[in-house]
Amino acid sequence: MFETDTDGIHQEAATGALPGWERVEQLVQAAHDRYRDTDDGTVADYIPALAEADPDWFGICVADTAGGLHDVGDAAVPFSIQSISKAFVYALVCEEFGHERIGELVGVDNTGLPFNSVIALELNGGHPMNPMVNAGAIASTALMAGDTAAEKWRAVHDGLSRFAGRELAVDERVYTSESETNSRNQAIARLLQSYGRLDADPGEIVDVYTRQCSLLVTAHDLAVMGATLADGGVNPVTGDRVVSADVSRDTLAVLAANGLYERSGEWLFQIGLPAKSGVSGGIVAIAPGKGAIGTFSPPLDAAGNSVRGERATAYLSLTLGLNLFASPEPGPSGPGSTSRTSTPLDARSTP
Ligand code: GLN
């Protein structure tokens with residue numbers, strides 16, 4: 001299980017709205033204060049440039065669907081987006097082809113295996129199973145609009161920038177470092193091709209995917225990108241419609257099932273929100289209709305998820321009342337009371 005360190009914190013019911021502005025400010029600050037000195041986890045180093053990250057970096061931003069933003073700590077420190085890009089590329093390809101086609105081509109189910117698993121592909125006849133692991137993400141990038149790799153890259157760059165509401169830059173150091181060490185992703189792309197599931201040059205597609213993972217974002221950007229999905233596909237800061245409401249819904253469903261790698265079930269069980277994490281230390285968690293939480297802190301747990309990010313998100317999910325499964329407790333006007341307005345099914349008279 002995730003070590004969320006939230007024992008004793010009351011779960012607020014998931015109501016239709018976030019608490020008032022001041023309360024959100026207070027809770028975002030409290031989450032930062034509470035976990036700032038946590039020193040569990042290890043900074044990723046399998047992409048050499050990622051090992052240069054400062055383990056003390058810790059930023060949180062909550063964005064609401066009205067465009068309100070609450071930044072605390074290192075919310076403006078840029079880092080490469082890594083796997084979090086998969087969520088937004090998935091939304092963009094669904095927008096292009098519709099969810100049924102992408103469901104067939106890429107799948108929506110958890111593989112139960114690590115994000116860079118080759119065995120998962122072999123066990124499923126080359127079907128990636130889900131777009132949040134590398135195989136499904138590389139297959140999704142290959143489906144982006146454009147006939148050439150350069151056009152596909154432009155579509156990825158433009159689409160992710162629209163989610164963020166500003167033009168994102170590439171971290172050239174991270175891009176070069178990952179390009180020199182990504183033989184496993186090259187192998188995954190070749191394997192997809194061998195199964196007839198990659199309709200493009202594997203080397204070129206992995207290059208676009210590597211660039212996509214090297215796009216620089218901040219915790220603030222992640223919150224805005226997530227709030228765009230929470231807002232039915234409209235960026236709440238710029239007002240730009242990036243994807244449709246249906247695509248946002250489908251993307252959130254896929255994130256709920258697959259966003260935290262093979263620990264997605266545990267995450268949903270404990271935190272109750274669709275989310276996506278990445279190895280550079282970012283996590284975005286989305287509360288449909290309300291907003292999103294972007295966190296950034298490089299030290300990761302064994303599954304590759306940011307430790308401070310998990311804990312801060314768990315804390316905010318409880319205190320802001322975001323857990324999708326938390327119904328209000330029975331109260332004076334709640335279930336079981338005599339003042340209920342709806343009639344229980346067994347008391348309804350048949351016409
Ligand atoms: N670019 C990274 C990779 O393909 C992304 C992995 C991640 O964030 N989990 O290995």
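Counting starts at 1 for both ligands and their atoms, following the listed order. Since we're looking at a predicted model, the values are computed, not measured.
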(request) Give the numbers and elements of all ligand 1 atoms closer than 4.0 Å to a heavy atom of V279. (result)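 Result: 6 (C), 7 (C), 8 (O), 9 (N).
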
(message) Using a 4.0 Å cut-off to any heavy atom of Y261, which atoms of ligand 1 qualify?
(response) 7 (C), 8 (O), 9 (N)

(message) I'd like to know if R166 and D221 make a salt bridge, using a cut-off of under 4.0 Å between side-chain N and carboxylate O.
(response) yes

(request) Run the salt-bridge test on R263 and D301 with the 4.0 Å N-O cut-off and return the result as yes or no. (result)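 Salt bridge flag = yes for D301 with R263.
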
Does an N or O anywhere in [X] fall below 3.5 Å from an N or O of ligand 1?
| X | result |
| --- | --- |
| K86 | no |
| Y46 | yes |
| G278 | no |

Ignoring hydrogens and angles, state whether a donor on the side chain of [X] or [Y] is under 3.5 Å from an acceptor on the partner side chain.
| X | Y | value |
| --- | --- | --- |
| D109 | N130 | no |
| Q212 | S85 | yes |
| N110 | Y261 | no |

(message) If we check side chain to side chain contact (heavy atoms under 4.5 Å, CB included) with W153, which of these qualifies: D158, V208, T148?
(response) V208

What part of [X], side chain from CB on, backbone N/CA/C/O, both or neither, has a heavy atom under 4.0 Å from ligand 1?
| X | result |
| --- | --- |
| N134 | side chain |
| E178 | side chain |
| C213 | side chain |

(message) Starting from atom 2 (C) of ligand 1, what is the nearest protein heavy atom, named by residue and atom, and what distance separates them?
(response) Q82 OE1, 3.2 Å

(request) Provide, to 0.1 Å, the distance between atom 7 (C) of ligand 1 and the closest protein heavy atom, together with that atom's residue and name. (result)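 The closest one turns out to be S83 OG, 2.5 Å.
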
(request) Describe, in one word, how the ring planes of F296 and F79 are oriented to each other, choosing from parallel (under 30°), tilted (30 to 60°) and perpendicular (over 60°). (result) parallel

(request) May I ask whether N116 places a heavy atom under 4.0 Å from ligand 1? (result) no

(request) Would you indicate whether the side-chain heavy atoms of M144 and V89 approach each other to under 4.5 Å? (result)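 Yes, their side chains come closer than 4.5 Å.
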
